[in-house]
There are 2 protein chains.
Amino acid sequence: MILGLLAIESNQSGYEIRKTVKGSVGYFWGESYGQIYPALKRLLAEGLIVARPSGSSGGRKRQEYSLTPAGRAALEEWLAIPYREDPPRDEFLLKLFFGAETAPSVSIAHLRRFQDRYRSTLAMIQQVEVLSQERNSNQPGFPFWMLTLKFGLAQIRSALEWSESALAMLTQAEQSALHHESTEANSDAPKA
Amino acid sequence: MILGLLAIESNQSGYEIRKTVKGSVGYFWGESYGQIYPALKRLLAEGLIVARPSGSSGGRKRQEYSLTPAGRAALEEWLAIPYREDPPRDEFLLKLFFGAETAPSVSIAHLRRFQDRYRSTLAMIQQVEVLSQERNSNQPGFPFWMLTLKFGLAQIRSALEWSESALAMLTQAEQSALHHESTEANSDAPKA
DNA sequence: ACACACATGTAATTGGTTACATGATTTC
DNA sequence: GAAATCATGTAACCAATTACATGTGTGT
């Protein structure tokens, strides 16, 4: 990822890379500082990037990195390797799968959280789309960036559609459960 | 996950749990033996499950596990905790994102691989759907199982749709690239 | 006789997060 | 002068895969 980002724009610092990530590949690839800085050192040691101190624009002294020819080659080599997908781990789906082992309200809460998150990432991606179209449409990578972005949009939209029907089903189930309860406990006439 | 599976069906061995996983939650939650057996030991030590040796059905002597009341409580407690999503890491999208840094054929290859995989998981899930409808439709968990399954179906379908248009775009780009090459090198009249 | 499915486990290694530590510069 | 942002890094810890190790019963 670092090599790729430096290929698109060189002379970035570790801090900057982290920020660039959040604004571009962030929704399908995240890295922490604890990952980036050691990685930069390693890449430097392997001669895939070069460092250059730069007049501290912000706070501390800052290192800017760029690709070396070897780094460029390593990037292309890596790109050609078939991607591997690691075993999926979706805690949301797992909890939903076991929904029958607990109260319906629990699953409903998960679903609402799911919707909230997806709605906000949808908004974020749409914003990135607009900004990117304004500023990057002339860059060679642009078509590919749009491709990944469109993928995200499609996935999120289908997820949100699904979540609507899922939520409808669950709230209905909860209603009938409450109804059962209240008719059963009717003779007690509870106040709260 | 183990607690959940044992809640649905008790008296399962580690080996069996692994198999059950593959046939049910497999496409959104995977575990390896190196994860399951230590976890079973830990759960046993914590008193959340109990072991009982069972007449070796297959090869070696076999341990069957079931939930204890404490395990049941722990499961419900866990289900109530808001799910957390860990940082996404989609190598496919990352490689596609950097598509402009390499030959179009590379990205096309990734996309084809993507389609192949998704088509086969689609087929698998559809098969699970049919089997589950035949055999589990009376179980209390059934509606939730269908929910997660429908989610998978929706995601895969939208991914495949997207991949068609993406592939169309890339093959077109490759064609025009080839065309350029041949017209540019026309005076040389290459044979291969 | 051989392979395959049943069955359980461990060790090495990797990959990655989280929290901590530090500190300068800009902005309010 | 406080807070936010720029900026770099390390250490502790955890989760999880992979490969290895072992062994039996069943079907062909």
Side-chain angles (χ1 to χ4, degrees), chain A residues 1-3 5-6 9 11-23 25-26 28-46 49-66 78 81 83-91 94, chain B residues 1-3 5-6 9 11-23 25-26 28-46 49-66 78 81 83-91 94:
Chain A
M1 183 220 56
I2 290 174
L3 295 179
L5 288 186
L6 288 179
E9 187 169 349
N11 295 317
Q12 292 192 84
S13 67
Y15 190 81
E16 224 170 341
I17 286 171
R18 175 81 202 287
K19 275 211 318 181
T20 309
V21 167
K22 285 212 285 190
V25 298
F28 61 78
W29 197 272
E31 301 279 13
S32 56
Y33 287 127
Q35 184 80 342
I36 288 175
Y37 285 111
L40 284 170
K41 281 204 162 177
R42 217 198 68 216
L43 293 172
L44 198 62
E46 289 172 11
I49 58 176
V50 282
R52 158 175 66 184
S54 108
S56 44
S57 71
R60 222 151 95 179
K61 68 217 163 184
R62 153 199 161 100
Q63 293 283 319
E64 284 182 351
Y65 299 94
S66 336
W78 175 77
I81 299 169
Y83 71 89
R84 75 162 250 209
E85 40 195 341
D86 31 33
R89 279 252 154 89
D90 191 322
E91 202 176 300
L94 190 63
Chain B
M1 184 219 57
I2 290 174
L3 295 178
L5 288 186
L6 288 179
E9 187 168 350
N11 295 318
Q12 292 191 85
S13 66
Y15 190 81
E16 222 169 344
I17 285 170
R18 174 81 202 286
K19 274 211 316 182
T20 309
V21 167
K22 285 211 286 187
V25 297
F28 60 81
W29 197 273
E31 301 279 14
S32 57
Y33 287 127
Q35 183 81 341
I36 290 174
Y37 285 112
L40 284 170
K41 282 204 160 175
R42 217 200 66 215
L43 293 172
L44 198 61
E46 289 171 12
I49 59 176
V50 281
R52 157 174 67 181
S54 109
S56 44
S57 70
R60 221 151 98 180
K61 67 215 162 187
R62 156 197 159 100
Q63 293 283 319
E64 283 183 352
Y65 298 94
S66 337
W78 175 76
I81 298 169
Y83 71 90
R84 75 164 251 207
E85 39 195 343
D86 31 32
R89 283 253 152 85
D90 191 320
E91 201 176 300
L94 190 63

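Proteins get letters first, then strands, A, B, ... in listed order; numbering begins at 1 in each.
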Pairwise distance CD(A:Glu85) to CG(B:Asp90) - rounded to 0.5 angstrom: 8.0 Å

In whole Å, I'd like the distance from the CD atom of A:Gln12 to the C1' atom of D:dC6. 15 Å

How many angstroms lie between atom OG1 of B:Thr20 and atom CE of B:Met1, to the nearest 0.5 angstrom? 9.0 Å

Would one find a side-chain N or O of A:Arg89 under 4.0 angstrom from OP1 or OP2 of D:dT17? yes

Which distance, rounded to the nearest 0.5 Å, do you find between the CG of B:Asn11 and the CZ of B:Arg52? 4.5 Å

Got a salt bridge between A:Glu31 and B:Arg89, using NZ or NE/NH1/NH2 to carboxylate O under 4.0 Å? yes

Rounding to a whole Å, what distance do you find between A:Ile2:CD1 and C:dG15:C1'? 14 Å

On the ring face of A:Tyr33, is A:Arg18 found with NZ or CZ under 6.0 Å from the centre and within 45° of the axis? yes

Specify the angle, to 10°, made by the local axes at the two ends of the helix from C:dA1-D:dT28 to C:dC28-D:dG1 when five pairs are taken at each end. 30°

Is B:Tyr15 close enough to C:dT8 that one of its side-chain N or O atoms is under 4.0 Å from OP1 or OP2 there? no

Residues forming a side-chain contact (heavy atoms from CB on, under 4.5 Å) with B:Ser32, sequence neighbours excluded: B:Gln35

May I ask you to verify if any side-chain N or O of A:Lys19 is less than 4.0 angstrom from the OP1 or OP2 atom of D:dC6? yes

Measure from the side chain of A:Ser32, starting at C-beta and using heavy atoms only, and say which of C:dT17, D:dA7, D:dT17 lies closest. C:dT17

Heavy-atom closest contact (A:Ala39 atom, A:Ile2 atom, distance): CB-CD1, 3.8 Å

In whole angstrom, give the distance that lies between atom NZ of B:Lys61 and atom C1' of D:dT22. 11 Å

Counting just side-chain N and O atoms, does B:Ser13 come under 4.0 Å of either OP1 or OP2 of C:dC6? no

By nearest heavy atom, map B:Glu16 and B:Pro87 onto DNA chain C; which one lands nearer the 5' end? B:Glu16

Distance, nearest 0.5 Å, that separates CD1 of B:Ile49 from CZ of B:Arg42: 9.5 Å

B:Pro53: which of B:Glu64, B:Lys61, B:Gln63 passes side chain to side chain contact (heavy atoms under 4.5 Å, CB included): B:Gln63

Length of the CZ-P vector between B:Arg42 and D:dA16, whole Å: 10 Å

Mind calculating the distance between NZ (A:Lys22) and C1' (D:dA7) to the nearest angstrom? 14 Å

Can you give me the N/O atom pairs linking the protein to nucleotides 9-11 of chain D at distances under 3.5 Å, or say none if there are none?
residue, atom, partner, partner atom, Å
D:dT10, OP1, A:Lys41, NZ, 3.3

